[in-house]
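For reference, the structure discussed in these notes is given below.
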Amino acid sequence: MSTSADPILGIDFGTTNTAAAFFDKTGKLRVVPVTDKSFTLPSVAWFHAADKAIVGHAARRQIIDDPRHTIFGAKRFLGRRFQSEYVARHRDRFAFELLEAPDGYTAAKVYGKVTTLTDVAHLIIRQIHTLASHAAGAPFAECVLTVPAHASIRQREAVRHAAEMAGLKVRAIVNEPTAAALYYANLRNPEQTVMVFDLGGGTFDATLLSVQNKVVKVLATGGDAFLGGANFDELIAERLVDDFQRQHGIDLRPNKVVMQRLIFAAESAKMALSQTEATPIRVPCIAQKDGAFIDFQYTLTRSQLEDMVFQLVERTAAACDDVLERAGLKAEQIDELVMVGGQTRMPAIRQRFAHFKRLSSEKEIHPELGVAVGAAILGRNLARGVTGLADVVPMPIGIMVPGGGQHEVIPANTPVPSVRTVDVDLPPWPGPVPVALFEAVDRTTVERELLGTVRIEPEWRVANKGPTSLELRMGQDFVLSAALVSQEGRRQPLPIVDPRAPQRG
Ligand code: AMP
C-alpha cells in the first residue's frame, strides 16, 4: 500500500525511447539508468515466440535481423482505430504485420497470434518499472505518464491500461510538452513565456506556456501528428532507394525487410550527421544481380541531408507560427524555445529557429530526458498535494444527437479540469435517446473518434421540460465524464458506454 511519501515514478513512454525519473526519499532527482551507458530504453519488443519477448537495446538490434517479429514505434498506433486515416497512411511502412483487432483498434500479429499494442506497451513499461524499482531499491506503486499533446482520449486510456498491467497506478497523465515545461520551470526565472518544441520519433508538438513561480500554464498547443524523426529517416531512405535504382536498375521498395534495413541505416547516418559533416552508409547484401550480391554504399553529407529534409523542417516552423498566431504572440516575445525530442539534436533545426531570443541548450535541457524529469516533478508535486500545472484539452469534444444535430461542447485549448454544459433539443424519440460523444482526432482532417454514447431516459425528459442540459467534464487526468443537469441544478451522472472500447482487465 502506498503512502503519499512514497516516490511516484515519472515515465516518458516514447515512440522511440522510454525513460523514467523519480525523486528519491532524500529528495534527490534520479534518472533511471538502463545500461551503464544509457538512460533510455528503446521502445522495441522482439518476440522470439508468440508469448515470449525481450525489450530494449537487445530487441532493437533485431529490427535488422528479424524485422517481422520486432515491434517498434508501437506507440504510433496505440489507441488508434485500424480503419483510421493515420493507420492507413503509416501501416505499410513497417515490416511487422498490423491488423484490426476485434475491438476495431490496431494490433500486431506475431507468430500467428494477435498481440494488442497495449500488451506491447505494457512490456516496455514493465521493463522500465523493473529498472526503476531496482534503482530505487523498492518497487513503485504509482506513476505519472506522459503522452503527446495531441494524444486522443483513447490513446491516453491505452497507455494508462498498459501501465496498470505493469502494476502501476496512474496518478496523472500529462502532456509531454507540459512535462518539459515543468522541468524548465524548475530551472529558470520565475516568470517566462516559453514555447516547447517537441520533435521526437513519431510526433511533433509545439506548445506555448507561461511559467509563473514554478507553475506552468498552457496557452496554446499545436503541431503535426504525422511528423517525427521517423519521417526524416523514411525520406532519406527514399532518396537512397532512388539513387540505387538509377545505379543498378533495381527497385528495392517492394522488399519490406530491405526497406527496414535501409531506414535503420538512414537513421544512424542522420544521427551521425548531427556531429560530423559526412558519413558513410553501408548495408551489405541488399540485392542480387547476375547471381551476385550487391552491397549498398553511399556517403551522405550534412548539406545533402539538409536539402532532403528541408520541407519537413519548414512544416515544424509553420506549425510554430500557427500556435504563435493563435495566442497573438510573435517569436520575439517568447523568452525561450525549449527543444525536446531526439530529432532536435539536428543542427539545421536549431538554425531554423535562431530568430527566437534564446534556444534551450542540449546540456541543460536534455532532449531525451527532460520529459521524464518533468513527469517526476509532477509526481513529487502530487505526492505533496499540489500539481503546479494547468494543462489544456488538445482536441475538441462534441456531441451528436439523433437526427444529426451536432454541438462542440469542450473546445480545444480549454484548461483542464473543465466543465461545460450544452442545451440540446432532443427529437421526439421513443424510449431512451442515445447521444454520441466525439473527439475530433485530427485537426487536419475531419476524422473523429467515437468516445461512446450516453442514454437520456424518457423519465428525465418527462420530469424536466424544455431543452436538456448535458454536462461534460474533462478531469485533470483527461478522463471524460457526463451528467444531466436540471434547471434547479440537480445532477444525474450518465455512464459513457462504448461497446468497442478496448477491454480493461
Ligand atoms: P525521442 O522520441 O525523443 O527519443 O526521439 C527519437 C528521435 O530522435 C528519432 O527519430 C531519432 O532518430 C532522433 N534522434 C536521436 N538522436 C539524434 C541526433 N543526434 N540527431 C538527429 N536525430 C536524432
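Both ligands and their constituent atoms are indexed starting at 1 by order of listing.
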Check: Lys256 side chain, Phe94 main-chain N or O, donor-acceptor pair, under 3.5 Å | yes
Who's the nearest protein heavy-atom neighbour of atom 1 (P) of ligand 1, and how far?
-> Gly342 N, 3.6 Å
Using a strict 4.0 Å threshold on nitrogen-to-oxygen distance, state whether Arg326 and Asp322 make a salt bridge.
-> yes
For Thr16, counting its heavy atoms only, list the atoms of ligand 1 lying under 4.0 Å from any of them.
-> 2 (O), 6 (C)
Only one of Ile71, Val44, Leu123 clears side chain to side chain contact (heavy atoms under 4.5 Å, CB included) with Val55; which?
-> Leu123
In the protein, which heavy atom is nearest to atom 20 (N) of ligand 1, and how far is it?
-> Ser274 OG, 2.6 Å
Reported NE2-to-CG distance for the pair His122 and Leu78, which is rounded to 0.5 angstrom | 13.0 Å
For Gly341, take its heavy atoms, then give the atoms of ligand 1 lying under 4.0 Å from any of them.
-> 3 (O)
With heavy atoms under 4.0 Å as the rule, classify the contact between Gln343 and ligand 1 as side chain, backbone, both or neither.
-> both
For residues Tyr111 and Phe47, establish whether the separation of their ring centroids is below 6.0 Å.
-> no
Ion pair present between Arg358 and Asp335, side-chain N to carboxylate O less than 4.0 angstrom?
-> no
Going by heavy atoms, is Gly14 under 4.0 Å from ligand 1?
-> no
Option whose closest heavy atom lies nearest to atom 10 (O) of ligand 1, chosen from Ala348, Pro367, Ala19, Gly229 | Gly229
Closest protein heavy atom to atom 16 (N) of ligand 1, given as residue, atom name and distance to 0.1 Å = Met271 SD, 3.4 Å
Measure the distance from atom 4 (O) of ligand 1 to every protein heavy atom, then report the residue, atom name and distance (to 0.1 Å) of the closest one.
-> Asn17 ND2, 3.2 Å
Look only at the side chain of Asp251 and the backbone of Arg253, and say whether a donor-acceptor pair between them is shorter than 3.5 Å.
-> yes
Test item: side-chain donor near acceptor, Ser303 and Glu306, under 3.5 Å = no
Ring centers of Phe204, Phe226 separated by less than 6.0 Å = no
Numbering as shown, the atoms of ligand 1 that approach Lys270 to under 4.0 Å (heavy-atom distance) | 10 (O), 11 (C), 12 (O), 13 (C), 22 (N)
Where ligand 1 meets Glu267 - atom numbers and elements under 4.0 angstrom, heavy-atom basis | 9 (C), 10 (O), 11 (C), 12 (O)
Ignoring angles and geometry beyond distance, decide whether Thr15 reaches within less than 3.5 Å of ligand 1 through its nitrogen or oxygen atoms.
-> no
For atom 2 (O) of ligand 1, which protein heavy atom lies nearest, and how many Å away is it?
-> Gly201 N, 3.1 Å
